[in-house]
Amino acid sequence: MLNAIGLQNVGVEDFIARKLPPLKRYPQCKVIVNVFATRWATTSASCERLNRAEGIAAYELNVSCPMSMPGMAFGADPGSLEYLVGRARTVSARP
């Protein structure tokens, strides 16, 4: 397990181009991508873009990290959380 503190987010395109390829050296390692956004549309767009990348096993929606206050709004409101997860699940090709 790799766990990093903080949100050093390089963005979807940079992640796919620079961070994902080296992980292919470890075929037994399951890559779970943490998706964080401050809007529903951005979360959906990120999942849609990640669907086209190879080597990803699943997505984790970051909705309750205390270091990401805008994201906390989703995790603190059941209706918002249900909507966000539903939208992500609709566009997602992975768990």
Enquirer: For residues Val85 and Val33: do they belong to one hydrophobic cluster (side chain heavy atoms under 4.5 Å, members Ile, Leu, Val, Met, Phe, Trp, Tyr)?
Expert: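 Same cluster.
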Enquirer: List in chain and number order the residues that pass side chain to side chain donor-acceptor pair (under 3.5 Å) with Arg25, two or more places apart in sequence or in another chain; answer none if no residue qualifies.
Expert: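 For Arg25 there are no side chain to side chain donor-acceptor pair (under 3.5 Å) partners, ignoring immediate neighbours.
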Enquirer: For the atom pair CD (Glu60) and CG (Asn34), what is the distance rounded to the nearest 0.5 Å?
Expert: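 Atom-to-atom, Glu60:CD and Asn34:CG are 4.5 Å apart.
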Enquirer: If only atom types and distance count, is the side chain of Tyr59 paired as donor or acceptor with the main-chain N or O of Arg89 below 3.5 Å?
Expert: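 Side chain of Tyr59 to backbone of Arg89: no pair is present.
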Enquirer: Could you check whether any side-chain N or O of Asn62 sits under 3.5 Å from a backbone N or O of Val35, counting only pairs where one atom can act as donor and the other as acceptor?
Expert: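 Side chain of Asn62 to backbone of Val35, a donor-acceptor pair under 3.5 Å: no, none is there.
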Enquirer: What are the two closest heavy atoms between Asn51 and Ala93, and how far apart are they?
Expert: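 Scanning both residues, the minimum pair turns out to be OD1-N, 2.9 Å.
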Enquirer: By the ring pair (Phe, Tyr, Trp, His ring centres under 6.0 Å) test, which pairs, at least two apart or in different chains, include something from residues 76-95?
Expert: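 Output for this query lists Trp40-Tyr83.
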Enquirer: Compare every heavy atom of Ser44 with every heavy atom of Val91, then report the nearest pair and how far apart it is.
Expert: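 Closest pair (atom of Val91, atom of Ser44, distance): CG2-O, 3.7 Å.
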Enquirer: State the CZ-CD1 distance between Phe15 and Ile56, to the nearest 0.5 angstrom.
Expert: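 Between atom CZ of Phe15 and atom CD1 of Ile56 there are 5.5 Å.
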Enquirer: Measure across Ala88 and Leu61 and return the closest heavy-atom pair with its distance rounded to 0.1 Å.
Expert: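 For Ala88 versus Leu61, the nearest heavy atoms are CB-CD1, 3.8 Å.
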Enquirer: Determine, using the 4.5 Å side-chain heavy-atom cutoff (strictly less than), whether Val12 and Val31 are members of one ILVMFWY cluster.
Expert: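 Looking at the clustering, Val31 is in the same group as Val12.
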Enquirer: Within the side chain of Arg87, is there an N or O that forms a donor-acceptor pair under 3.5 Å with the backbone of Thr43?
Expert: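 Not at all, since once roles are kept as given, no pair shorter than 3.5 Å links the two residues.
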Enquirer: With the 4.5 Å side-chain cut-off for hydrophobic clustering, are Leu23 and Val10 part of the same group?
Expert: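 Yes, because Leu23 and Val10 connect within a single hydrophobic cluster, where side-chain heavy atoms sit under 4.5 Å apart.
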Enquirer: Between Arg18 (side chain) and Glu13 (backbone), is there a donor-acceptor pair under 3.5 Å?
Expert: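 Pair absent, no side-chain N/O of Arg18 close to backbone of Glu13.
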Enquirer: Just to verify, what does Lys24 make a side chain to side chain contact (heavy atoms under 4.5 Å, CB included) with, not counting sequence neighbours?
Expert: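 With sequence neighbours excluded, Lys24 shows a side chain to side chain contact (heavy atoms under 4.5 Å, CB included) to Glu54, given in chain and number order.
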Enquirer: Should Arg52 and Ile16 count as side-chain neighbours, where that means a heavy-atom distance under 4.5 Å?
Expert: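 Arg52 does not reach Ile16 side chain to side chain.
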